[in-house]
> 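Got a structure here, written out as structure tokens. Questions coming.
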There are 2 protein chains.
Amino acid sequence: MIKATIVIRLKSSVVDPQGHAVKGSLHSLGFEEVQDVRIGKMIEVWLESADLEAAKVKVEAMCKQLLANPVIENYEYQLEEEA
Amino acid sequence: MIKATIVIRLKSSVVDPQGHAVKGSLHSLGFEEVQDVRIGKMIEVWLESADLEAAKVKVEAMCKQLLANPVIENYEYQLEEEA
């Protein structure tokens, strides 16, 4: 079994209203030192695959077809073999 | 400036309906090899802090007070100094 840990972030040019709201909440809780907050997604996918190379091809396709919106998001991932 | 990268996951005992839905979508796109999907949050926080130790105390408090729901979620984080 292979585990893919995929991190999906808004592109830096894209405004992050959710991050902005969390920043406001942190300030109201007294965390004035917070300068900026950006929120992303972390998706863990477990898949059966012959090897890491084959898994890479599949994960890349999953990101492009479903998991990440290429217009506003970037993605990166790590693959690891799990017993 | 210090950057905290915080990853928040549902506890493994907690059902993940969002992950289940994504798994179904991946299967319908032909990714039959997918066995499981779990969705989490990745929150990046930039904060002014004297040093990493002081930042750690603040980030721990932010997670406990706002960012993570201790009943159903676990959190972990990495701190790095940014120019």
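Reminder, nothing fancy here: chain letters follow the sequence lines and each chain counts from 1. Quick caveat, the model's predicted, so the values are computed rather than measured.
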> Quick check on the structure: residues of residues 41-49 of chain A within a heavy-atom distance below 4.5 Å of chain B, by number.
A:K41, A:M42, A:I43, A:E44, A:V45, A:W46, A:L47, A:E48
> Quick one: of A:I6, A:I8, A:V34, who has the most non-hydrogen atom pairs under 4.5 Å with chain B?
A:V34
> Assess whether atom CD of A:E60 is packed by more than 12 heavy atoms of other residues, nucleotides or ligands within 6.0 Å.
yes
> Do B:E73 and B:K11 meet the salt-bridge criterion of a basic N to acidic O distance under 4.0 Å?
no
> By a 4.5 Å heavy-atom criterion (distance strictly below it), what part of B:A61 contacts chain A: side chain, backbone, both, or neither?
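When you check distances to chain A, atoms from both the backbone and side chain of B:A61 fall under 4.5 Å.
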> For B:I39, does its backbone N or O pair with a side-chain atom of B:D16 as donor and acceptor, under 3.5 Å?
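Yes; at least one donor-acceptor contact below 3.5 Å.
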> Can you see which heavy atom on A:K58 is nearest to which on B:F31, and at what distance?
O-CE2, 3.8 Å
> What heavy-atom pair brings A:S25 and A:S28 nearest, and what distance separates the two atoms?
O-OG, 2.7 Å
> Kindly say whether A:N74 contributes a backbone atom to a donor-acceptor pair with the side chain of A:E76 at under 3.5 angstrom?
no
> Take atom NE2 of A:H27 as the centre, draw a 6.0 Å sphere, and report whether it contains more than 12 heavy atoms from other residues, nucleotides or ligands.
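Counting neighbours around NE2 of A:H27, more than 12 heavy atoms of other residues, nucleotides or ligands fall under 6.0 Å, so yes.
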> Checking side chain to side chain contact (heavy atoms under 4.5 Å, CB included) for the pair A:K3/A:L79: CA distance, chi angles, key distance, verdict?
CA-CA 6 Å; A:K3 178 185 168 188; A:L79 302 177; over 6 Å; no
> Identify which part of B:I2 has an atom lying under 4.5 Å from any heavy atom of chain A, answering side chain, backbone, both or neither.
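Interface part for B:I2: neither.
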> Of all of A:V7, A:V22, A:V37, which one pairs up most often with chain B through heavy atoms under 4.5 Å apart?
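Top option by heavy-atom pairs under 4.5 Å: A:V37.
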